[in-house]
Structure formats: structure tokens, C-alpha cells
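Reviewing the structure listed below.
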2 protein chains.
Amino acid sequence: MVTMKEIAHRTGVSVSTVSLVMNHRDEGRVKPAIAAHVREVADELGYQVNPMASSLRTNRTRTIGFISEEVATTPYAGGMILGAQTAASKLGYLLITVSTDGGMDEDDEIDALKRYGADGFLYAKMSNRVTDVPARLKDCPVVLVDATGRDGTTPSIEPDEFRIAYDATTRLVEAGCERIAYIGCSEPMLAQEGRLAGYRTALEAAGRKFNERLVVDVLNNGPALEAVSDLFDWERPDGFFCFNDARAWYVYECAARRGLVIGRDVSVVGVDNHRVFAETLSPRLTTVELPHFEMGYWAAAKVVSMIEKRPLDDLDVPDTRAPLPPLDAPVPAKVHCTLIEKESVRAAG
Amino acid sequence: MVTMKEIAHRTGVSVSTVSLVMNHRDEGRVKPAIAAHVREVADELGYQVNPMASSLRTNRTRTIGFISEEVATTPYAGGMILGAQTAASKLGYLLITVSTDGGMDEDDEIDALKRYGADGFLYAKMSNRVTDVPARLKDCPVVLVDATGRDGTTPSIEPDEFRIAYDATTRLVEAGCERIAYIGCSEPMLAQEGRLAGYRTALEAAGRKFNERLVVDVLNNGPALEAVSDLFDWERPDGFFCFNDARAWYVYECAARRGLVIGRDVSVVGVDNHRVFAETLSPRLTTVELPHFEMGYWAAAKVVSMIEKRPLDDLDVPDTRAPLPPLDAPVPAKVHCTLIEKESVRAAG
DNA sequence: CTGAAAGCGCTAACAT
DNA sequence: ATGTTAGCGCTTTCAG
């Protein structure tokens, strides 16, 4: 391992000078020629800072902890983690992911993260929920991902559920569907409330009236298929907005059994059909992809801005907003999802 | 943060003594009474070692790096990571995961891991492939996960593909299926070869003869559905062994369109139907679950044994082998997958 | 059996 | 503008 000491030795300056240069804290403190030489030798030797050693003095490790209890049980975690890691990496941080599903104890894992000196934390859910920040994270920089804090005390990022449903439903309207159904989720979730409202509002904006009988809220189980089946038989919808991929599947199954072809006889807009699934289905499906990557990305950038106490705008975060693509977009069209970024209500740390 | 210095102060001994005790290196070096007292005070104060500080002297961080390029694009990574993290955590290590899909450069990510002093590495694929170990990992402890090294130089763990297919096919035979099809994968993969062989051998062991026309190797795309559809019409199979969940889906779709009920008219054994998917489908499906968790678990334990240069048996690793459950197991039956653990051909480090 | 002292690689006051 | 010094928390000889 090549150390500052070695560079100091080779360049004939002291370690402190090398330290200044390597941390870009020269600028009027070290003669430019010297600084350049130091940098050159460092490059040549392939010098890399030892984050352990510097953390000992600075109490900063340039690591951020990512905590989620659903890494193993949902296919969406990967995208979020990748987004967070991408931003972290770009900003010179390392993301350390711990999942607390299975037998893992959340507090233990958080302790491990703290022991290793994480500078900040991402606390992630895999579907928008009101969430309490764990007690031991109370006075650390924390950002919630795909979740919203109970008290408005913690910054968060979450999908604009209302707009997802509004856009999806509008799309079905514009595609000429007359009887648009919503296959929702019967568990209480922010996503469900927001989407039902968006569906309803879009219908009304299009001059349709909301029909309760076209709304079926189901769980992910056997009776769900019957419920959707009944909907097919009794209401004969020609368009479906589906809460998620599992719900969309009930529609495919029912359609297949009746000889109906999706894209011809009925239209379906689903949310977040996962890739494995979508590869098979996508030719006949319009999807709203929840921007897990983007949420992770933003959250990581945000927590870095909190750690370094500088405005988020100084960091390079792409804008994830994009307009709804036109209806004649190639199939499978992707309806882009907008995001809601919440600043902490109190000072963001 | 509570330090050794503080404990030393409170107990009236020196830091070195505290160090000995905390590292369980007392035993004939520190008087038992003193040791006990030190431990007591440490507990009371909630002392935690500072891994940064000790790494400075020992060049050990008790972290292991997990590298994969498919974290975001497959739903299976989560289980593997969770397994690895569980074992790591149990053994007092922290798992640091980096994914190299998306725009991430693998070498950069490995460098980051090395900079942070990872003691060993897990290099994971999400489906069994012959794999080269990255150059910069050459002289570090490395274990391959769901992959096999090109030269037998690196320990690895991978599913027993032959037996997966053998067991699945046998199960279909025992369930009374007469015409058992294999919906395979047309890409060259170890998994495909092994499974085709297992399918064939199981048929022959049951006194059936292998019929090429019952084998359909497909990609994950449009033509696949037609190929399976043709198989239904021309060969009228009553049992299906499917390479993975996407392939199984073609069978469901074809069956639904023909009014055939799975579990009554046709039997299906799939591999690795992911949970999101399985929640909807599982009542009618027998699955072979690839033991991603167990692979991750074993691999992490293995790499720790390499790092600490002590035999794997000293560590607490559960045996993941289990017998095939009986055919009258409640549906969905899970066919357990056996694993192949490969030691390095040369000395294991 | 226990403590003093040195040093891991780095940063940050403080001198020059 | 650069070097000296001290010390972060811990491990590890080496003396006693």
C-alpha cells in the first residue's frame, strides 16, 4: 500500500503538505509547482487514500448505510440500491447495504453500520408507506426512500401516486376505452389511496363518471382471481389500470380464458411490471415504471448534501421528471413517473 | 463513543490489558478477576470495537465485498445477498455489496472495496456460468457464487443442475404424466446443459424414451409463445418441466387459452418462480427453488474460512442438502435443490 | 501477569 | 508556504 509518507519521501516535502494537496486544500497554501509534482508522483504510484486512517481523525468515513427490510422479498430493491450506489459512487461515497428481512435484527444491523462509521443513512421501504425512523437513527442524517415520515421531520422521496393513476387512466381514455376498471389493492397503503384518487379524478376530468362497480380492490391471493373474473363477466371493462404486476396477471389470466387479446380487445396499463415478468408480457402491456433507481439516486445525493451540509443543487443530480410520452409511442410505452421530494419540515440538518 | 482508554481508566488497568481482554487473548495472561471486571464495565458502557482503528494495525477490517453485475436486473440477487449478509453478520463480518450493472465500472467498484480494506470477496453471477475471476482479485480470497471458475483455481458454489432436472422430471413421472415436455433455454448455459441431461436421464431411468420433439428451447420473447403453443397442439404434453419462471408463463398462457387447468389437465414443475410471481401462481405450481440464500450463506462462510485460514467446519454453516419431499406434500410442493461445493483445485489459500 | 511505548496512515493546530 | 507536533483508537512488542 502506497502511503502519504512514501509520496512525501519521494517528493521531498512533508506529509502534511501531501495531505493538503491530496485533499485539494492547497490553493494559496502550497506552491503550485510543488502541488503539481506531488500529484504527479501520487498518480504514478497509484496512491489511494486510506479511508480508515482518515476517519480516525475526521470521524468521517465517506460511507452511507442503506437499510431495508425487503431486499430479498421484492424484485424492486435492486434498482433502488443501484441508484443509491451510483450516486454515492459518483460523489465519492461507498454504499453499505444491510437488509433486515429474514432473521436479521434491524437494530443490530444499524449498530454494525454505525460501528463502521456510516456518515448518513437511507431508510427504504419498497412501497410507499408512512414510516417511523428507527430510534437509533434519530440524530443522524437520514433520508427515507419510497416512504414518508410520520412527523415531517425527515426528508423523503416517494412516487407521485396520484399522478401515476391520473396519467395511466388518461392514457386509457385517450386510447378509446369506454369502461375503465381499476384493479387496486385492498391493503391500506398510501399508494392505494393516491391511485384511487388519481383514477377517479382522471375519469371526471374526461367527463366520465366514477363507477364504483369498476373498482376491485383485492389482495394477492386466490379470491382475487374470482373477483377479477366476476368483474369481466358483469361489467365487461375494456380498459384496466392495475395496481401492480400481480394484479395485472389476474387480468391476463381472465382475458386468456375468454379468448380476449390484450391490445385489441382490452387495454391494460400496469404499474411496475418487473423485468422478468415484463420480458414476457410487455409486447402487450403499457407499464408505469416506478423509478426505483431514481429514488435511490436522489436519496443518496440528498443524504450526502446533509452530511456535507451543502445545498443539494451543488451536487449533480439529474431531474427525473419527464413528460408523458405521446400515445403513438412504440409499444410497450413507458409512462414516466414523477416524484415528490420532501424536504424536512424543520431545518434539514 | 466509548473507547478502550475509557474502560482502562474506569477499571484502573492499562489499555493493553483491555485490548487483550476484548480480543479474548487473555487466558493465562490476565488475571481472571481483572478480565471479568473489564468485561463487565465494557458491557455496562456498551463498548464496541472501532474496526477502523484496529484495521490500521492489523490490516483486517472484518468486511467482505460482494460483487455482482446483476443486482438490479434479476429478482434473485436479494436472496443471495441476504444469505451472504446473514452468514457474514453471524461471523462478525460486514458485507459490502457493489453492483456493477448500469453504468458502474467493475474495476472501479472493486478498487473502492479494496480501498475500504475488504478482507475477501464474493463474486456472484445470477445463473450458473463459467466465469473468469477479475484480475485485480487474483491474489485475494475469493469465492464464486452461482458460477464456476474457468480454471479450477477458485472455490465456488453452484446448484446441482442435473439433479434439479432429474428430480423435477421424476416427480412428473410419479405424478402420472405420460408425455413430459422440457421447456428449456436456447442460450448456452451450464444450467441448460445440466438440466437437459437430467431430464433425459430421469426419463430413461423411468423406462421412457427421450423424445426430441418434447423439448423446446426458447428465448424469452415473442416466438417463444408460438413455439410452446405449437408444442401444445402437436405433441399434447401432459407434464412440463420449465427452465424458469418466464418459460413457465408460456405454459400458463397456452393452457389458459385452451381451457386446460394446471394441476388437473397438465402438471407443471418450474424452476425459481419468484415470489411476486409465485404468490399469484403457486397454488397451481410445483417449484424448484434455487437456493440463492444458501449459496450466499455458504460462500460468505467459505470466504471467512479462507480469510482466517481455518477450516470451514469450525464455522457454523448449516447443511443445505435435504431429501426430495414426498409427492403428496401440500401444494405448492417445493423441490429442494442440492448444491455443489467446489474446493479450489490447488490449495484453498 | 500487567504496563509503557511505539506506531498503523492520516489530519489539523501550531510554528516557523 | 511548509514543517513540526500531537493524537485519533487500537494492537503489539518489550520490560518489568
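Any value given below was found using the heavy atoms of this structure, including those in side chains, with hydrogens, waters and symmetry copies removed. Letters A, B, ... are given to chains in the order of the sequence lines, protein chains preceding strands, and every chain is numbered from 1. Please read these numbers as outputs of a predicted model, since none were measured by experiment.
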- Message: In this structure, how many angstroms lie between the C1' atom of C:dG9 and the OH atom of B:Tyr116, rounded?
- Response: 15 Å

- Taking atom C1' of D:dT2 as reference, at what distance in whole Å does atom NZ of A:Lys31 sit? 9 Å

- Message: Regarding A:Gly12, tell me which of base, sugar-phosphate or nothing describes its non-hydrogen contacts under 4.0 Å with the strands shown.
- Response: sugar-phosphate

- Has A:Arg29 got more than 12 heavy atoms of other residues, nucleotides or ligands less than 6.0 Å from its CZ? no

- Message: Please report the distance, rounded to the nearest Å, between CD in B:Glu27 and C1' in C:dT2.
- Response: 17 Å

- Note on the structure: Hits for side chain to side chain contact (heavy atoms under 4.5 Å, CB included) against B:Arg25, two or more places apart or cross-chain, chain-then-number order -> B:Leu20, B:Asn23

- Message: Can you build the contact string for nucleotides 10-16 of chain D? Use B for base contact, S for sugar-phosphate-only contact, and - for no protein heavy atom under 4.0 Å.
- Response: BBB----

- Whole angstrom is fine here: how far is it from CE in A:Met1 over to C1' in C:dG9? 9 Å

- Message: In this structure, how many angstroms lie between the P atom of D:dG9 and the CZ atom of B:Arg62, rounded?
- Response: 21 Å

- Between the CG atom in A:Asn50 and the CZ atom in B:Arg115, the distance rounded to the nearest 0.5 Å is 10.5 Å

- Please report, rounded to the nearest Å, how far the P atom of D:dG9 is from the CG atom of A:Asn59. 7 Å

- NE2-CD distance between A:His292 and A:Glu294, expressed to the nearest 0.5 angstrom: 10.5 Å

- Query: Quick one: do the B:Thr148 and B:Glu158 side chains pair a donor with an acceptor below 3.5 Å?
  - Reply: yes

- Above 12 or not: heavy atoms from other molecules or residues under 6.0 Å from CZ of A:Arg10? no

- Task: Applying salt bridge (charged side-chain N to carboxylate O under 4.0 Å, His left out) between B:Arg136 and each of B:Asp108, B:Asp111, B:Asp105, report the one that passes.
- Result: B:Asp111

- Task: Measure the shortest side-chain to side-chain distance between A:Ser55 and B:Met52 over non-hydrogen atoms and say whether it is less than 4.5 angstrom.
- Result: yes

- Task: Please state how far atom CG in B:Leu56 lies from atom C1' in C:dA6, giving the value in whole angstrom units.
- Result: 13 Å

- Between B:Arg60 (CZ) and D:dG9 (P), how many Å, whole number? 24 Å

- Query: Angle, rounded to 10°, between the helical axes spanning five pairs at each terminus of the helix from C:dC1-D:dG16 to C:dT16-D:dA1?
  - Reply: 50°

- Query: Looking at side-chain heavy atoms only, is the closest gap between B:Ile307 and B:Arg60 below 4.5 Å?
  - Reply: yes

